[in-house]
Visitor: 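What follows is a single structure, and I will ask about it in a moment.
Below, all heavy atoms of this structure are taken into account, side chains as well, without hydrogens, waters or symmetry copies.
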Amino acid sequence: NEDIVPMQVDAIVAEPGDLLNQSFPFKKVRVEGQSLAGLKQIILDNKIDVSFNPTYNSDKSFIFTIPFDVKKGSRFGKQTITFITASGSVTKDFEILQPLPTISGLTPETPLVGKTAEVTGDWFYDVSSVTFKGNPIGFTVSSPTSLLINIPASATSAGDLVITTPSGSVTRFMEVSLGFTIVNVT
């Protein structure tokens, strides 16, 4: 039948609308093309089933959200994405971008010099360095939302704490405690 148009994906556009064939995790993505009705399955990186709501699908486009779950095999970087409909399938190259790390808290809020503190936040993947006042400090990534830092015994005043990943750096001003309180006695 000459009226049947083969399935075709022309563009994969991620919010805010300027990312083509790439997206950050948990962002909505719009796929545009032809013969896209009846979307049955989306497979990311040949292993991750991507959920979608068929209500938002038409013959010309559909929308879904980029998942990210390391336990299911999610990763950053270039990978394939396959769209399967009743009329066939199309596989395209797609890139999941690593978001900038964020810092949401520090425990204790004013860490003691020579001790360990916990930094909470998000996107602590592939941390390459942690610095305090421009100097490298020891750290251990506990999870994508937590890392432990060693407050240098030589620290004598507050300064910037900087965490660096492949996507960039995040900075937070951090006070430190010397372990004693100065009391003014008259």
Visitor: Could you list the donor-acceptor pairs under 3.5 angstrom formed between side-chain atoms of residues 98-108 and any protein atom two or more places apart in sequence or on another chain?
Guide:
from : atom 1 : to   : atom 2 : distance (Å)
Q98  : NE2    : Y125 : O      : 3.0
T102 : OG1    : D122 : N      : 3.1
S104 : OG     : T120 : O      : 3.3

Visitor: For residues 134-146, which residue pairs qualify under side-chain hydrogen bond (donor to acceptor under 3.5 Å, both in side chains), counting only residues two or more places apart or in two chains?
Guide: E118-S146, S143-T145
Visitor: Quick test of your reading: applying side-chain hydrogen bond (donor to acceptor under 3.5 Å, both in side chains), list the pairs with at least one residue in residues 63-75, sequence neighbours left out, ordered by first then second residue.
Guide: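 Of all non-adjacent pairs touching residues 63-75, those that pass side-chain hydrogen bond (donor to acceptor under 3.5 Å, both in side chains) are D45-R75.
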Visitor: In terms of hydrophobic clustering (I, L, V, M, F, W, Y; side-chain heavy atoms under 4.5 Å; direct or indirect links), are V70 and W123 co-clustered?
Guide: yes
Visitor: Roughly how far, to the nearest 0.5 Å, is CD1 of I63 from NZ of K28?
Guide: 8.0 Å
Visitor: Should F26 and F124 be counted in the same cluster of Ile, Leu, Val, Met, Phe, Trp and Tyr side chains packed under 4.5 Å apart?
Guide: no
Visitor: Tell me, please, which residues at least two apart from V50 pass side chain to side chain contact (heavy atoms under 4.5 Å, CB included).
Guide: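 Side chain to side chain contact (heavy atoms under 4.5 Å, CB included) check on V50 returns I42, L44, F64, P67.
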Visitor: Please check if V90 and I48 belong to a single hydrophobic cluster, counting links between Ile, Leu, Val, Met, Phe, Trp and Tyr side chain heavy atoms closer than 4.5 Å.
Guide: yes
Visitor: Please name all residues satisfying side chain to side chain donor-acceptor pair (under 3.5 Å) with Q8, sequence neighbours left out, ordered by chain then number.
Guide: D10
Visitor: Give every residue pair that meets the salt bridge (charged side-chain N to carboxylate O under 4.0 Å, His left out) criterion with at least one member in residues 91-107, sequence neighbours excluded.
Guide: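 Checked against salt bridge (charged side-chain N to carboxylate O under 4.0 Å, His left out) - neighbours excluded - no pair reaches residues 91-107.
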Visitor: Are V141 and F132 joined in one hydrophobic group, where the rule is that I, L, V, M, F, W and Y side chains link up if heavy atoms are under 4.5 Å apart?
Guide: yes
Visitor: Out of V9, I12, T91, which residue meets the side-chain contact (heavy atoms from CB on, under 4.5 Å) rule with I81?
Guide: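 So the option named by the test is I12.
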Visitor: Heavy atoms only: give me the nearest V29-F94 pair and the separation to one decimal.
Guide: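 Scanning both residues, the minimum pair turns out to be CG2-CZ, 4.4 Å.
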Visitor: Of all the heavy-atom pairs spanning S23 and I66, show the shortest one and how long it is.
Guide: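 Taking every non-hydrogen atom into account, OG-CG1, 3.7 Å.
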Visitor: Quick one: side chain to side chain contact (heavy atoms under 4.5 Å, CB included) partners of A37, sequence neighbours excluded?
Guide: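 If we apply the side chain to side chain contact (heavy atoms under 4.5 Å, CB included) test to A37, skipping adjacent residues, the hits are D59.
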Visitor: Would V119 and V130 satisfy side chain to side chain contact (heavy atoms under 4.5 Å, CB included), going step by step from the backbone distance to the final call?
Guide: CA-CA 11 Å; V119 180; V130 178; over 6 Å; no
Visitor: Taking the six-membered ring for Trp, are F68 and F76 ring centroids under 6.0 Å apart?
Guide: yes
Visitor: Any idea which heavy atoms bring G73 and K47 closest together, and the distance?
Guide: O-CE, 3.3 Å
Visitor: Partners of S58 by side chain to side chain donor-acceptor pair (under 3.5 Å), sequence neighbours excluded?
Guide: none
Visitor: In a table with atom names and distances, give each donor-acceptor pair under 3.5 Å that connects a side chain of residues 148-164 to protein atoms at least two apart or in another chain.
Guide:
from : atom 1 : to   : atom 2 : distance (Å)
S157 : OG     : K133 : NZ     : 2.6
T164 : OG1    : S169 : OG     : 2.8

Visitor: Mind checking whether P25 and I96 have side chains closer than 4.5 Å, heavy atoms only?
Guide: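 Yes; the side chains approach each other to less than 4.5 Å.
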Visitor: Could you give me the CA-CA distance, side-chain angles and deciding distance for K60 and L36, then say whether side chain to side chain contact (heavy atoms under 4.5 Å, CB included) is met?
Guide: CA-CA 6 Å; K60 302 268 183 212; L36 301 176; 5.9 Å; no
Visitor: Which residues pass the ring pair (Phe, Tyr, Trp, His ring centres under 6.0 Å) test with F62, sequence neighbours left out?
Guide: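 Listed in chain order: F83.
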Visitor: Tell me every residue that passes side chain to side chain contact (heavy atoms under 4.5 Å, CB included) with N46, counting only those two or more places apart in sequence or in another chain.
Guide: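 N46 satisfies side chain to side chain contact (heavy atoms under 4.5 Å, CB included) with T80 only.
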Visitor: Suppose we screen for side chain to side chain contact (heavy atoms under 4.5 Å, CB included). Which residues come up paired with I84, at least two apart in sequence or across chains?
Guide: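 I84 satisfies side chain to side chain contact (heavy atoms under 4.5 Å, CB included) with Q41, I43, T82, S89 only.
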Visitor: Are the side chains of L19 and V13 in touch, meaning some heavy atoms are under 4.5 Å apart?
Guide: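 No; the side chains remain at least 4.5 Å from each other.
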